[in-house]
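Notes for the one structure printed next.
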Amino acid sequence: MYWRKNDMDVKELIADAIIAAARQAMAEGVLAQVELPKVMLEVPPQKEFGDFATNFAMQLARQAKTNPRQIAEVIAAQLNSQAALDKQHPDALSWLKEAKLAGPGFINFYLRPDWLYDLLTAVLVAGDKYGQTRTGGGEKIQVEFVSANPTGPLHVGHGRGAAVGSALTNLLRAAGYDVQAEYYINDAGNQIENLAASVNARYLELMGQEVVFPENGYHGRDIIDTAQRIVDHSGEKYLAMSPDERLASFKELALAEKLALLKEDLEAFGVTFDVWFSERTLHDKGAIDATCQELKERGYMYEKDGALWLKSSAYGDDKDRVVIRDNGVPTYLAADIAYHRDKFVRGFERLINIWGSDHHGYINRVKAAVAAMGFEADRLEVLILQMVSLYQNGELVKMSKRTGQVVTLKELVEEVGCDAARFFFIMRSLDSQLDFDLDLAKSRSNENPVYYIQYAHARIASIFRQVKEAGIEMPLLENILLNTLTSECEVDLIKKIGEYPEEIALAAKERAPHHIARYTHELAGLFHSFYNQCRIIGVEPEFQAARLALVTAVKNTLRSALGIMGITAPDRM
RNA sequence: GCGCCCGUAGCUCAGGGGAUAGAGCGUCGGCCUCCGGAGCCGAAAGCGCAGGUUCGAUUCCUGCCGGGCGCACCA
């Protein structure tokens, strides 16, 4: 059938038919000659409005200077007569039962139910690949996320970045982008010196010396642990060194340890990176000097008060920024500029950075730097993630980074589990501040949306265990009478499964993984509803086979969507 | 003061300019001789305020009010 042609989904076919009908109407002079807008098709809010609807006529009304209802009438009539013709030549519009004018100028499409069964067949044939699209067109994208300083454990805020970043990476891959996940290690600069000084202070304390803790030091318990490990391993060895030597040694030791812990925590959270990029290599390889030189040559650097400044205000930043301090030490921005240059040089067409909202003021200067280097600033997308607050027993869990009073990602994962933590981080839009309800995330009950979704998957797995035990044989797909799936809950389920590819395409385009969380929850909901209304095992063989085919498609789709979020799809719970 | 994000049901949040604004939690009321009750069915309850653009605004724009986060030669 025409609408099952490769790579064509029913919406595209409807859209094409609408365009054709509008052209025909213009050719016949019943519609003014105008440029046609893109056809927007949606699933109408109510079932009486058919399977799909478009506001095409209303979009057209402005330009055509005609009543939208009149335009809709013309196009609908055109489509209906074409459909009637095509019934004799089962090609083009044979899928269309009726196109109908409605409301202020909508055209509602009522389709023959066959489209659902062919959709379901296509889903089953696609198997694990179902949902993957090519909307990304293989664009080379780098996603950089977390990039927390290796000076202490990851906390819950980093957890949101980690969950969202990895989900976005998976999502973009599913949508056909060529994605690389990268972590930028801030292993140079002041914070590393502070780390070394903090470890040094704790070390000396453990060796019984009175010390003044460094002003910008890290107060976390983990620093004491690091110092203790050094004592356990090497005892007094470092006391004999000069302070400078000792600090240098502690710097390397602490850095290596912190980095290893970072990787460990992230892996336990299901997050892996393709590249761990060291800031230090930029300094060591002279990339910062080279970048400054290039910017100088391009005319975007100047000296003032002994420092070297980037003329970032030329590209929309509030003010110019210091790149090399008057003491000759590059600022963090200097390294960041060199880093972004390096990313572009590596051949990425697009860069996505995921930052915490406390860094949003940094966007303009980096984009300005990118532009000053001659790259299109739009090729750098910075996604800002709002803050996370933890709630327990209905109360805010107070945290203070300065005093080391933080809930770490590791603790969170131990407390609520990896799956629940990831889901809670992913389920909100990036723009929304996240109130993380620890009690809800921990509860192993129907209150918890993660379990609700996973339970749907486990239930289906359970059904198939029983199918196997009972020795029920599944007929070949082409022998299953899918058109026995006619009840409302079955039809709803098939339609929802059918929406999956465009959910992926949309979520990827908008860099919004929370759409997948919402979709998965809706799909699970429709399944549970179906499950309560329709028996699967033990009904008439043709119904049984069709329903087993349906739940297979549900199971595959759930597993795929959960996989994008980095959440397991358990067969038992 | 300036910039970014957010104000939608009692609470936490979805809502790509359109037809009767959706979900979870909470509250209230139903459903187990039946494939996993970690489930299902039902009820009450809402777009911060004021303008503007539009045939049509919860959605876009402006102002105000309220909340969060920033405004370094820190990262």
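Residue numbers start from 1 in every chain, and the chains themselves are labelled A, B, ... in the order their sequence lines are given, proteins ahead of strands.
An OP1 or OP2 oxygen of B:C40 is reached within less than 4.0 angstrom by a side-chain nitrogen or oxygen of A:Tyr452. At B:A14, one or more side-chain N or O atoms of A:Ser429 fall inside 4.0 Å of OP1 or OP2 (strictly under the cut-off). Distances shorter than 4.0 Å separate some side-chain N or O of A:Gln466 from OP1 or OP2 on B:G36. One finds a side-chain N or O of A:Arg459 lying less than 4.0 angstrom from the OP1 or OP2 phosphate oxygen of B:G37. Of the side-chain N and O atoms in A:Ser462, one or more sit less than 4.0 angstrom from OP1 or OP2 of B:G36. Using a 4.0 Å cut-off, some side-chain N or O of A:Ser432 falls inside it from OP1 or OP2 of B:A14.
If you look at A:Tyr300 and A:Tyr315, their ring centroids are closer than 6.0 Å. Here the two rings, on A:Phe425 and A:Phe436, have centers that are under 6.0 Å apart.
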Legend entry - Chi angles and distances behind the ring-ring contact (aromatic ring centres under 6.0 Å, His included) call for A:Tyr339, A:Tyr184: CA-CA 9 Å; A:Tyr339 178 42; A:Tyr184 181 53; 3.9 Å; yes

(request) Test side chain to side chain contact (heavy atoms under 4.5 Å, CB included) on A:Arg547 and A:Phe530 and set out the steps. (result) CA-CA 10 Å; A:Arg547 286 176 182 166; A:Phe530 155 78; 4.2 Å; yes

Next item on the list: Kindly indicate, with the supporting measurements, whether the criterion ring-ring contact (aromatic ring centres under 6.0 Å, His included) is fulfilled by A:Tyr519 and A:Tyr500.
Entry: CA-CA 8 Å; A:Tyr519 172 81; A:Tyr500 185 52; 5.4 Å; yes

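You'll find that the side chain of A:Phe106 is closest to B:A19, out of B:A14, B:A19, B:C6. Between B:A14, B:G36, B:A75, one nucleotide has an atom nearer to the side chain of A:Ala458 than all others, and that is B:G36. Listed candidates were B:G36, B:U20, B:G18. Nearest to the side chain of A:Met58 is B:G18. Of all nucleotides listed (B:C13, B:A75, B:G16), B:G16 comes nearest to the side chain of A:Glu510. Looking at the side chain of A:His360, the nearest of the listed nucleotides B:A23, B:C40, B:G70 is B:G70.
Between A:His514 and A:Asp358, the residue anchored closer to the 5' end of RNA chain B is A:His514, taking for each the nucleotide with the nearest heavy atom. Comparing A:Pro45 and A:Leu440, the nucleotide of RNA chain B nearest to each residue sits closer to the 5' end for A:Pro45.
Atom P of B:A44 sits at a distance of 15 Å from the matching atom of B:G29, rounded to the whole Å. Nucleotides B:G36 and B:C40 place their P atoms 16 Å apart, quoted to the nearest Å. Using C1' as the reference atom, B:U8 and B:C13 are 9 Å apart when rounded to the nearest Å. Here the separation of B:U58 from B:U53, taken at their P atoms, is 15 Å to the nearest Å. Spacing of P atoms, B:G16 relative to B:C6, comes out at 12 Å, to the nearest Å. Across B:G42 and B:G24, the matching P atoms stand 11 Å from one another, rounded to whole Å.
Note: NE2 (A:His528) to P (B:G24) measures 11 Å, nearest angstrom.
A side-chain donor-acceptor contact under 3.5 Å links A:Arg518 and A:His515. Checking A:Lys343 against A:Asn353 by side-chain atom types alone, a donor-acceptor pair falls below 3.5 Å. No side-chain donor from either of A:Gln191 and A:Asn186 sits under 3.5 Å from a side-chain acceptor of the other.
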Polar atom pairs (N or O), protein with nucleotides 41-44 of chain B, under 3.5 Å:
residue	atom	partner	partner atom	Å
B:C41	OP1	A:Ser529	OG	2.9

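Under 3.5 Å, the side chain of A:Asn55 and the base of B:G18 form at least one donor-acceptor pair of N or O atoms. No N or O donor and acceptor, one from the side chain of A:Asn194 and one from the base of B:A75, sit under 3.5 Å apart.
Contact annotation for A:Ala53: base contact, defined as any heavy-atom pair under 4.0 Å involving a base atom. Backbone-only contact: A:Gln191 has heavy atoms under 4.0 Å from sugar-phosphate atoms and none from a base.
Counting only Watson-Crick and G-U wobble pairs whose two distances sit under 3.5 Å, RNA chain B takes part in these stems of three or more pairs: B:1-7 with B:65-71, B:10-13 with B:22-25, B:27-31 with B:39-43, B:48-52 with B:60-64.
Listed by residue number, A:Ile536, A:Ile537 are the residues of residues 536-552 of chain A with a heavy-atom contact under 4.0 Å to RNA chain B.
A salt bridge does not link A:Lys296 to A:Asp289: none of the charged nitrogens lies less than 4.0 Å from a carboxylate oxygen.
Because its glycosidic torsion is within 90° of 0, B:C32 is reported here as syn.
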